[in-house]
Every structure is written in structure tokens, then in C-alpha cells.
Amino acid sequence: MSIWDRLGDFITRVSSSTSSGVADVVEAVRTVFSGDPDLRRRVAFSVAMIALSAKMAKADGIVTQDEVRAFQQIFEVPKDQTRNVARLYDLAKRDIAGFETYAARMAQLCGSGHSNCKMLEDILDGLFHIAKADGMVHEREGQFLHRIAEIFRIEEAHYQSILARHVDLGAADPYVVLGIERGKTFEEVRRRYRKLVSDNHPDRLIARGLPQEFIKIATSRIAAINAAYEMIERGLRHA
């Protein structure tokens, strides 16, 4: 049974048996999948991405077709499960609980409890992918994403690296993407680059709970890291 079949069963159960608030959803994930920690991580990631995407759409006030397509790029949902995903999306969007409450509960559900948690970074990356789909991250979306990062305990310097993968920050952009100071030697840059590539290998993302269907997040991240490294490499070799 695929992740989507399991998620579909879960959404049906939540929608019919609870008041469908964020606390109910989080508790249901913990209870329903208590015997399978790996599946619980993958379902928790999926639930967090869908719910926070809905809250971002509500905060921004506008959902463009580009954003819908970006959502579908990350979530390669089988046709027979699209209704269930839409149900969870609408449930989160209608919930009177604010996005900060959702973010805090999703951090408890998905996170490691430590700052710069990799799985929470994965969620934030997915939200950025959707937000920038119409060509830019709008002001309200930027405020939303920055606040989500604060709740997720993603440190400001690390958040700037994530931001730089999605938004052009000018001349400092490639160094910010790699999270390394300008002026470092080429060997130090290469060492940092290799660590980032290793840390973000798809196998590692799957091991920490990212479902196979969402590896496009990792592919996009690696592409940004590669581009930043190549830009720095060209500059240092021509210096």
C-alpha cells in the first residue's frame, strides 16, 4: 500500500471521527501510526506540508494557478487520492487555529526538538517552492515563511541560506546558499559543498521521513547548491 493510500485512509478517519482541529490531526497521526515509526514520519511530513500550504494560502489571500501547479509538482498524488488530499487542505484552511499554532504542533510532530532540524527544513523548502511559483515570494508569504522558520527553531543564518536557494540575494547569494563566509579558501568551499551534497542526498532525506514522492524538493535543493558552488568556483579560479 502506497503512502497515499495510507494517508487517504487516515484523512477519512480524521474527517469522520474528530472535530478536525490541528490538535485532533496531530494526535491522530501519533495514535494511528504508533506501531510504525517510519510510516508515521512519512505521514507526518505529508500532513505538515499539506496543512501549512493551506495556511500559507490563507495568509496570502490569493492562490494562483502557478502555486497549484507547484503544489502538484511536489505532491504527485494519484488521481484516486486527490479528493482526500483536498479534504485535508480544506480542513486546515477552514480551521480557526492560526498558522502559528499549526506550525508549533507540526514542529512537535515532525521535528527532532533541536534547532535547524533537517525534516523541518524540508517542510520549509517545500513551502518556498510553492510560494515562489508565480515568479516571486510576496511580502505576506515572506513574513509567513520567516515566522514559520522561527517557530521551527531554524536559526537566522540558516534561514538566510534557505532563502537564498529560492530568492536572488545579489552578489552574496552563492556564499549564503552554501552557508560559508566570503574569503574562505577554495578547499574550504569545496569541503563545505561536499558536505551539503552528502547531507542532502535523496537516500538521507528518505531515511529521515521524506516520502519518495517528494524527492523533487531534494532535487531542487541540490541544483541550487551546485549552481552556487559553480559560481564561486569560477570566481575563485579567475581571481
When rounded to the nearest 0.5 Å, the distance separating OH of Tyr89 from CE of Met49 is 10.5 Å
message: Membership question, hydrophobic clusters at under 4.5 Å side-chain separation (ILVMFWY): are Leu127 and Met136 in the same one?
response: no
Kindly indicate, with the supporting measurements, whether the criterion salt bridge (charged side-chain N to carboxylate O under 4.0 Å, His left out) is fulfilled by Asp95 and Lys55.
CA-CA 9 Å; Asp95 192 352; Lys55 286 300 185 183; 5.4 Å; no
Q. Are Asp125 and Arg221 close enough that some pair of their side-chain heavy atoms sits under 4.5 Å apart?
A. yes
Rounding to 0.5 Å, atoms CG (Leu88) and CZ (Arg83) come to a distance of 15.5 Å
Residues at least two apart in sequence or cross-chain that pass side-chain hydrogen bond (donor to acceptor under 3.5 Å, both in side chains) with Lys195, listed by chain then number, are Asp199
Glu156 meets the side-chain hydrogen bond (donor to acceptor under 3.5 Å, both in side chains) criterion, sequence neighbours left out, with His146, Gln160
Residue set satisfying side-chain hydrogen bond (donor to acceptor under 3.5 Å, both in side chains) with Arg192, at least two apart, ordered chain then number -> none
ask   = Is the backbone of Glu155 close enough, under 3.5 Å, to the side chain of Asn116 for a donor and an acceptor to pair up by distance?
value = yes
When rounded to the nearest 0.5 Å, the distance separating CZ of Arg40 from OG1 of Thr31 is 9.5 Å
Flag the pair Ile123 / Phe152 as yes when at least one side-chain heavy-atom distance between them is below 4.5 Å, and no otherwise. yes
*So do the side chains of Glu141 and Phe128 get within less than 4.5 Å of each other, counting heavy atoms only?*
no
Handout entry: Salt bridge Asp90-Lys93, side-chain N to carboxylate O under 4.0 Å
Key = no
Interatomic distance, CZ@Arg165 vs OG@Ser220, rounded to 0.5 Å, equals 8.5 Å
inquiry  = In the structure I gave you, are the side-chain heavy atoms of Leu145 and Met56 within less than 4.5 Å of one another anywhere?
reply    = yes
To the nearest 0.5 Å, atom CZ of Arg42 lies from atom CZ of Phe33 at 9.5 Å
Separation between CD1 (Ile50) and CG (Leu91), nearest 0.5 Å, reads 11.0 Å
Salt bridge present between Arg191 and Glu188 (N-O < 4.0 angstrom)
no
Checklist line | Val197 with Ile180, same ILVMFWY side-chain cluster at under 4.5 Å | finding: yes
- Task: Give a yes or no on whether Lys184 atom NZ has more than 12 heavy-atom contacts from other residues, nucleotides or ligands under 6.0 Å away.
- Result: no
